[in-house]
Amino acid sequence: MNPQKETKAKPKRKKVQFSKLYPDFYIERDWDKCIKCKLCIRECTYEAHGWDDKRETLTEDHSKCVGCHRCEATCPTGAIVIKHHPSRFREHDTWKPWFIKNVYKQADTGGVLLSATGCAVPFRNYWDHLVLDACQVTNPPIDPLREPMELRTYLGPKPDKVEVVLENGKYHLKQKPGPWIKLEVPIMFAAMSYGAISLHVHQGLARAAKDLGTLYNTGEGGLHASLYEYGSNTVVQCASGRFGLHVDYLNAGVAIEIKIGQGAKPGIGGHLPGEKVTEEISKTRMIPVGSDAISPAPHHDIYSIEDLRGLIYALKEATEYKKLVFVKIAAVHNAPAIASGIVRAGADAVVLCGLRGGTGAAPTMFRDYVGIPIELALAAVDERLRQEGIRHWASLIVSGGIRCSADVVKAIALGADAVYIGTPALIAVGCTMCGRCFTGKCPWGIATNNPELIKRLDPDTAYEKIYNLVHGWAHEIQELLGAMGLNSIESLRGNRDKLRAVGLNEVELRILGVKHAGE
Amino acid sequence: MVFEIDAKDLHYRELNQQIRKAIAEGAKHLVIKHVNGHRYLAAGVSAEVDIDVYGVPGLDLGAFMRGPRIRVHGNTQDGAGNTMDEGKIIVEGMAGDVVGYAMRGGKIFIASDVGYRVGIHMKSYMDKIPVLVIGGKAGDFLGEYMAGGIIVLLGLNSRYPERPLAGMFLGTGMHGGVIYVRGHLPETQISPVLKIEEIDDKDKATLENILIEYAKDLNFDLEEIWKEKFFKIKPKTHRPYGKLYAY
């Protein structure tokens with residue numbers, strides 16, 4: 001079956017769209033409060049609100065509501081509440097409404113189910129089964145407000161040993177280490193391309209990264225001219241589509257990330273639909289306006305670890321060894337062996353993106369069922385690299401499902417050098433997780449490049465919110481470290497003794513390398 | 001002034017350092033002798049310079065480069081012109097796999113055969129139209145995912161007379177650009193998302209420009225090239241995924 005194959009138009013027959021009959025959401029309007037200002041009509045980009053001229057009243061099309069809550073949030077009189085649609089199918093534990101409605105959608109269109117955000121299946125979330133240690137009596141906790149607390153992290157390969165030479169009565173290092181990247185806080189902003197998200201969000205991320213002393217990632221959509229000034233806080237991405245990738249771009253940041261895969265859709269490429277390729281996007285991606293930007297599933301110059309080494313060193317040569325090269329993979333079954341290959345291929349950092357990693361568009365089946373949770377992948381990769389004695393050859397950065405500062409602390413205790421956050425940064429700027437990023441109609445002005453819609457989120461607000469979020473998390477991390485009696489994040493890295501598990505089985509405990517609570 | 005570098009006993013890293021140094025000192029014409037599998041030659045170099053290479057360059061010749069004109073007096077290994085931006089690569093012999101991957105501009109002229117996965121995801125933007133001309137035959141996956149630019153396949157100067165002009169899966173996933181083929185390709189070789197047509201006057205003018213330059217650079221007989229008919233292969237749609245999804 002080829003869904004692209006157009007069926008010949010037969011004499012008109014009204015097509016029933018079963019998927020439109022049972023809306024997910026219900027727009028409830030309090031008529032006592034409603035002043036019929038029609039703001040909801042203007043705010044809703046999905047045309048769920050309408051106006052009936054004859055009856056001079058507002059109307060709702062519940063089937064068009066995506067649950068973004070924009071109308072509810074902007075209604076001047078608070079007259080609107082978005083609810084789950086009260087209409088229900090007969091209870092059935094196997095045939096939940098999600099599956100029934102998905103079948104309707106595909107029966108209506110013959111298409112591949114598309115989703116945004118990360119895995120929505122309630123697989124066990126290991127962060128929620130891990131608890132942290134704290135000092136009591138025998139060793140005093142440290143108060144970060146009173147004593148220095150170090151969150152600084154250096155990314156890049158560390159030497160096997162430190163050699164010191166004595167020259168003219170002064171000691172100094174025999175070999176200058178690095179290049180390294182200094183992070184003042186081990187939280188970086190994950191790859192989200194300009195195209196997937198608005199320029200204003202990118203500007204906010206870049207400025208926040210600069211002021212926080214961390215990095216943001218361009219994603220694979222190239223780098224907008226206005227963002228070159230944030231180079232020292234930029235990771236540029238080299239993905240299979242190689243969009244907007246040229247010498248200036250490679251030299252613009254402090255690191256180049258080869259994107260092999262992402263947790264939301266391991267094993268497949270991506271594509272930015274032509275609708276989202278506007279004039280500005282076209283300039284940055286260097287492709288014609290309105291054309292699909294297709295990233296093939298693999299890099300077709302990489303079919304092996306040897307080929308990967310080829311690209312890593314091509315990038316290093318092209319940038320004269322001044323940039324670090326990261327390699328990002330989705331967390332999959334064989335992640336430890338692959339990570340070992342990546343490190344041996346010469347990468348300066350391995351980026352692991354887990355099952356729950358977010359996206360602006362992924363086939364639903366991939367988003368929900370392909371890849372493994374980051375907690376297990378991280379523990380297994382860190383362990384494997386230690387066993388092979390090569391853990392210090394590269395840094396380990398993880399992403400995919402980090403929701404709060406405690407998740408960051410747990411990730412570092414499991415062996416990560418730093419984490420990437422994507423979804424939390426978007427939620428910080430107002431995202432309500434409605435998961436319709438791929439339509440380009442984001443009513444909050446985040447996952448869109450519609451010139452009118454992006455005005456809904458200005459770069460200053462984006463900057464402030466993202467900065468505040470990480471500032472808050474950083475302080476929480478300091479407090480959690482202090483409570484454990486540690487005064488630097490370095491002392492926590494791979495320190496699994498600071499973790500205990502609650503309610504996990506033997507296999508899970510073994511993979512995580514963590515004792516059960518009470519042990 | 002010609003600036004000569006002997007690549008014998010040099011690691012690719014040292015060789016590239018010398019190339020960059022020479023360019024920085026104002027050299028406009030480099031001659032590199034005894035190249036033997038040196039990788040990343042002139043990778044990421046952004047300069048107007050002529051480079052004559054004697055020997056066989058290794059992986060990723062001229063990757064990401066912007067501007068240099070490289071002539072290889074011999075064959076070259078895989079990855080020539082990987083993601084190149086501008087400039088020219090002339091190969092007097094054969095080239096390996098993945099030639100011109102994701103190239104966005106400039107020209108690559110190969111005198112003889114190329115390997116697999118050549119011209120994958122070439123793209124064009126505004127006045128930047130990459131051109132890849134293959135004098136011999138091509139392996140599988142020629143022009144896969146092609147998004148823009150021009151590939152010309154001549155099939156003239158091949159070491160493999162028994163092989164077809166191009167291998168399997170020609171232009172799979174192609175959604176832009178054009179492949180000109182000298183001579184006829186069997187219909188079975190063309191994927192259903194592509195169409196094959198005879199060339200028109202506009203195509204002929206485009207081809208003439210390219211082929212005059214190519215014939216001059218590589219000593220081909222232009223009349224001989226034109227003796228056989230050319231066909232063009234283009235995608236039926238620029239939006240192959242336009243109707244793929246349900247939501």
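Proteins get letters first, then strands, A, B, ... in listed order; numbering begins at 1 in each. It should be emphasised that the depicted structure is a prediction, and the values quoted were computed from it without experimental measurement.
Between chain A and the residues B:Asp97, B:Thr83, B:Leu59, B:Asp60, the largest count of heavy-atom pairs under 4.5 Å involves B:Thr83. Taking chain B as the reference chain and counting heavy-atom pairs below 4.5 Å, the highest number among A:Ile294, A:Thr364, A:Leu311, A:Leu250 is found for A:Ile294. The candidate with the highest count of non-hydrogen atom pairs below 4.5 Å against chain B, out of A:Gln106, A:Arg436, A:His300, is A:His300. Most heavy-atom pairs under 4.5 Å with chain A: of the set B:Phe64, B:Tyr40, B:Tyr12, this distinction falls to B:Tyr40. Interface check for chain B: of the options A:Gly274, A:Ala293, A:Ala314, A:Ser115, the most heavy-atom pairs under 4.5 Å are formed by A:Ala314. Chain B forms the most heavy-atom pairs under 4.5 Å with one residue out of A:Cys238, A:Gly290, A:Ala361, A:Ser240, and that residue is A:Ser240. When A:Ser295, A:Pro288, A:Pro363, A:Pro296 are compared by the number of non-hydrogen pairs under 4.5 Å with chain B, A:Pro296 comes out ahead.
The two residues A:Pro443 and A:Tyr46 come nearest to each other via the heavy atoms CG-CE1, 3.7 Å. When every heavy atom of B:Gly143 is checked against every heavy atom of B:Ile179, the shortest pair comes out as CA-CD1, 4.2 Å. A:Ala347 and A:Val327 get closest at one heavy-atom pair: CB-CG2, 3.7 Å.
With a 4.5 angstrom heavy-atom cutoff, A:Lys101 does not touch chain B via any of its atoms. The parts of B:Arg13 that come within reach of chain A are both its backbone and its side chain, each placing non-hydrogen atoms under 4.5 angstrom from that chain. For A:Ser282, the parts lying near chain B are the backbone and the side chain together; criterion is any non-hydrogen pair under 4.5 Å. Contact of A:Tyr313 with chain B is made through backbone and side chain together, with heavy-atom distances under 4.5 Å. For A:Leu315, the parts lying near chain B are the backbone and the side chain together; criterion is any non-hydrogen pair under 4.5 Å. Contact annotation for B:Tyr101: only side-chain heavy atoms (C-beta onward) come within less than 4.5 Å of a heavy atom of chain A. With a 4.5 angstrom heavy-atom cutoff, A:Tyr303 touches chain B only via side-chain atoms. Only the side chain of A:Thr439 comes within contact range of chain B, with heavy atoms under 4.5 Å apart. Looking at B:Asn82, the atoms closer than 4.5 Å to chain A (heavy atoms on both sides) all sit in the side chain, from C-beta outward. Only the side chain of B:Glu144 comes within less than 4.5 Å of a heavy atom in chain A; its backbone stays farther off.
Judged by distance alone, the side chain of B:Gln189 and the main-chain N or O of B:Gly167 form a donor-acceptor pair under 3.5 Å. Judged purely by atom type and a 3.5 angstrom limit, A:Asn251 has no side-chain atom pairing as donor or acceptor with the backbone of A:Asp248.
Using bins of under 30°, 30° to 60° and over 60° for the plane-to-plane angle, the ring pair B:His121/B:Tyr145 lands in the parallel bin.
Taking the six-membered ring wherever Trp is involved, the centroid distance between the rings of A:Tyr104 and A:Tyr22 falls below 6.0 Å.
With rounding to the nearest 0.5 angstrom, the CD atom of A:Glu257 is 12.0 Å from the CG atom of A:Leu324. We find the CZ-OG1 distance between A:Arg285 and A:Thr278 to be 10.0 Å, quoted to the nearest 0.5 Å.
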Would you be so kind as to tabulate the donor-acceptor pairs closer than 3.5 Å made by side chains of residues 20-30 of chain B, with sequence neighbours excluded?
residue: B:Arg20; atom: NH1; partner: A:Glu320; partner atom: OE2; Å: 3.0
residue: B:Arg20; atom: NH2; partner: A:Glu317; partner atom: O; Å: 3.1
residue: B:Arg20; atom: NH2; partner: A:Ala318; partner atom: O; Å: 3.3
residue: B:Arg20; atom: NH2; partner: B:Ala43; partner atom: O; Å: 3.0
residue: B:His29; atom: NE2; partner: B:Asp52; partner atom: OD2; Å: 2.7

Kindly determine whether B:Asn16 and B:Arg39 satisfy side chain to side chain donor-acceptor pair (under 3.5 Å), including the steps that lead there. CA-CA 9 Å; B:Asn16 265 332; B:Arg39 295 179 163 198; over 6 Å; no
